[in-house]
Number of protein chains: 2
Amino acid sequence: MEKEKTDKRDHILDVAERVFSEHGFDGASTRLISGEAGVNMAMLNYYFGSKEGLLLSLFERRTSTFHSLIQGIGNNENMSSWQKVSEYVEAYINRVFSNNCFQKVVHQELAVRRTGELADKITDMIMQNVIEFRKILHEGIERGEFKNDIDTEMVVATVFGVKAQIVNASHISSLMLGYDTQDPQNMVDKLKPRVTDYLKKLLKAYLLTEHDNAK
Amino acid sequence: MEKEKTDKRDHILDVAERVFSEHGFDGASTRLISGEAGVNMAMLNYYFGSKEGLLLSLFERRTSTFHSLIQGIGNNENMSSWQKVSEYVEAYINRVFSNNCFQKVVHQELAVRRTGELADKITDMIMQNVIEFRKILHEGIERGEFKNDIDTEMVVATVFGVKAQIVNASHISSLMLGYDTQDPQNMVDKLKPRVTDYLKKLLKAYLLTEHDNAK
DNA sequence: CAAAGTTAATCAAACGATTGATTAATATAT
DNA sequence: ATATATTAATCAATCGTTTGATTAACTTTG
């Protein structure tokens, strides 16, 4: 009977994350969110101040457990640059697949939002990833492990872009791949290993010098 | 005084395309659109029936001039598969950059899960591209020009994804690249050639067999 | 311990504002 | 003069938010 100790506040955030991901921020009414969460409408304003405050809290919850994740890989002295890239891709895809509702909300806000506190928060969050990843790439070039004419920014955009195309544009990817890419079982069994494997091979072919590439 | 013969209807579509791309479908009110277009609110319903009808008309206008563009490349017998891929990337990026407001609307609609006529229209439009591109890739494999273990669907997702990441997520790409990626001058002078060049090199490294790759 | 006071949580109801849509009247053009 | 185009005014519905009352739990006081 052990009732979960998760606050009602946390439960609202969980539901809001899902509803936002399905309808977008403007498309998801406070009535719908509170209804789905089984709480009174006024509770949203009680806990989060406003609808925008709810969205903001939603981001803060995720970003608080995020900083620790991207640390460590880049600073490891015992890894080759390619190993770092490989680990990074793995960690990134892992994180994406573990909370894809949140990822969808980010993706939507990125597509629409232009100004304000939230836009800055999202930008910061992503740019941290960008800088970290780019650092690894530059290091690989300096070491002579990667080709010296690679476009590092575009490589970063590739990893983010492929992820977005597969995970966030789910109608399309479902049709393209021939199965429901939203189904949790498919995501773990088929999609995740496939995306990870592809990205590694793709980057390997583009990044590594001829000598290393030939293994 | 020769007033442009473009119908007022067409002018509304132009404005709506921009406003939708800036605020999203739900975020853009009919009052805002009609205000920006300098017409009475009721004109939107007069011409397009409803707000959704306006969005639909917007898509029909673009897709009508679209079919002819993707034809021809795949069926050309005198081109190598790699040349076809190269031409295809060029044509695709060209089209994207020539009407990026519309591309943004597509991107947004794709991000929020919607059902109905419009969702099907968008899906059809994109899947035409997917199928055409994939056909070229398969042909390249059969000819032995491309590696036989390439993931064709993911390659398609890569081209679409990189484009989306650079063109549609403009805050991020502007910060990443160090200049305003929305500025028309920058788009033509810097962004477009860079994306095109990168995609070609990336795909070349991944697709071509070792022998061909070495030139 | 018990009465009084205090706080956070929750609710139904209503608020003013805005939404997309419609009307009925008027203007323009053919 | 008839069809088309355009307008101001208005519609019901929905939006996000606020209110005032109620409950339950904890603190303080006598």
Side-chain angles (χ1 to χ4, degrees), chain A residues 1 3-59 61 105 108-109 112-113 115-119, chain B residues 1-61 105 108-109 112 114-119:
Chain A
M1 205 38 187
K3 197 58 184 261
E4 352 170 356
K5 193 58 195 68
T6 47
D7 225 13
K8 176 168 285 187
R9 203 189 111 106
D10 245 46
H11 172 244
I12 295 177
L13 286 177
D14 287 337
V15 173
E17 203 167 69
R18 203 198 71 230
V19 176
F20 277 143
S21 80
E22 287 170 355
H23 299 82
F25 180 77
D26 292 312
S29 71
T30 55
R31 280 170 179 79
L32 178 59
I33 296 172
S34 59
E36 295 266 317
V39 302
N40 191 277
M41 237 174 37
M43 297 309 294
L44 301 192
N45 295 77
Y46 177 75
Y47 279 126
F48 310 105
S50 68
K51 188 186 180 184
E52 175 135 349
L54 168 59
L55 184 61
L56 248 149
S57 301
L58 202 151
F59 273 86
R61 187 176 63 152
V105 178
Q108 288 167 357
E109 287 304 306
V112 178
R113 207 70 139 220
T115 55
E117 186 184 351
L118 186 59
Chain B
M1 202 40 188
E2 186 100 333
K3 196 60 183 244
E4 353 169 357
K5 192 58 195 67
T6 47
D7 228 12
K8 178 170 283 190
R9 202 188 110 106
D10 244 45
H11 172 244
I12 295 177
L13 285 177
D14 287 336
V15 174
E17 203 168 70
R18 203 198 72 229
V19 176
F20 277 144
S21 81
E22 286 170 356
H23 298 82
F25 180 76
D26 292 311
S29 72
T30 54
R31 279 172 179 79
L32 178 60
I33 297 173
S34 60
E36 295 266 318
V39 303
N40 191 279
M41 233 178 48
M43 297 309 293
L44 302 191
N45 294 2
Y46 177 74
Y47 279 126
F48 310 105
S50 69
K51 187 187 180 183
E52 177 134 349
L54 169 59
L55 185 60
L56 246 148
S57 301
L58 202 150
F59 272 87
E60 270 156 13
R61 185 176 65 151
V105 178
Q108 287 167 358
E109 287 303 305
V112 293
R114 280 211 165 82
T115 52
E117 187 182 353
L118 184 60

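As the structure is a prediction and not an experimental result, all values here were calculated from the model. All chains are named by letter (A, B, ...) in the order of the sequence lines, taking the proteins before the strands, and each is independently numbered beginning at 1.
- Rounding to whole angstrom units, NZ of residue B/Lys8 and C1' of C/dA29 are separated by 14 Å.
- Distance B/Met43 CE to D/dA8 C1': 14 Å, rounded to the nearest Å.
- We find that CG of B/Leu32 is positioned 16 Å from C1' of C/dA17, with the value rounded to whole Å.
- The shortest distance between side-chain heavy atoms of A/Asn40 and A/Met43 falls below 4.5 Å.
- Within the model, atoms NZ of A/Lys51 and OG1 of A/Thr30 stand 7.0 Å from one another, a figure rounded to the nearest 0.5 Å.
- Counting heavy atoms from C-beta on, the side chains of B/Arg9 and B/Ser57 come closer than 4.5 Å.
- Side-chain contact between B/Phe48 and B/Leu56 is absent, with no heavy-atom pair separated by less than 4.5 Å.
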Worked verdict on B/Arg114 versus B/Asp26 for salt bridge (charged side-chain N to carboxylate O under 4.0 Å, His left out): CA-CA 12 Å; B/Arg114 280 211 165 82; B/Asp26 292 311; 3.0 Å; yes

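- Between A/Leu44 atom CG and D/dT18 atom P the separation is 12 Å, expressed in whole Å.
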Every protein N/O within reach of nucleotides 21-24 of chain C N/O, cut-off under 3.5 Å:
| residue | atom | partner | partner atom | Å |
| --- | --- | --- | --- | --- |
| C/dA21 | OP2 | B/Lys51 | N | 2.8 |

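- Residues from residues 14-27 of chain B placing a heavy atom under 4.0 Å of any atom in DNA chain C do not occur.
- Put simply, A/Tyr46 has no side-chain N or O that comes within less than 4.0 Å of OP1 or OP2 on D/dT18.
- Regarding A/Arg9, its CZ atom lies at a distance of 15 Å from the P atom of C/dA8, rounded to whole Å.
- For the side-chain hydrogen bond (donor to acceptor under 3.5 Å, both in side chains) test, no residue two or more places apart in sequence or in another chain qualifies with A/Asn45.
- Among the heavy atoms of the strands, none lies under 4.0 Å from A/Phe48.
- When side chains are defined from C-beta on, B/Asp7 does not count as touching B/Leu13, because their heavy atoms never get closer than 4.5 Å.
- Taken to the nearest 0.5 Å, the CD atom of B/Glu36 stands 9.5 Å off from the NE2 atom of B/His11.
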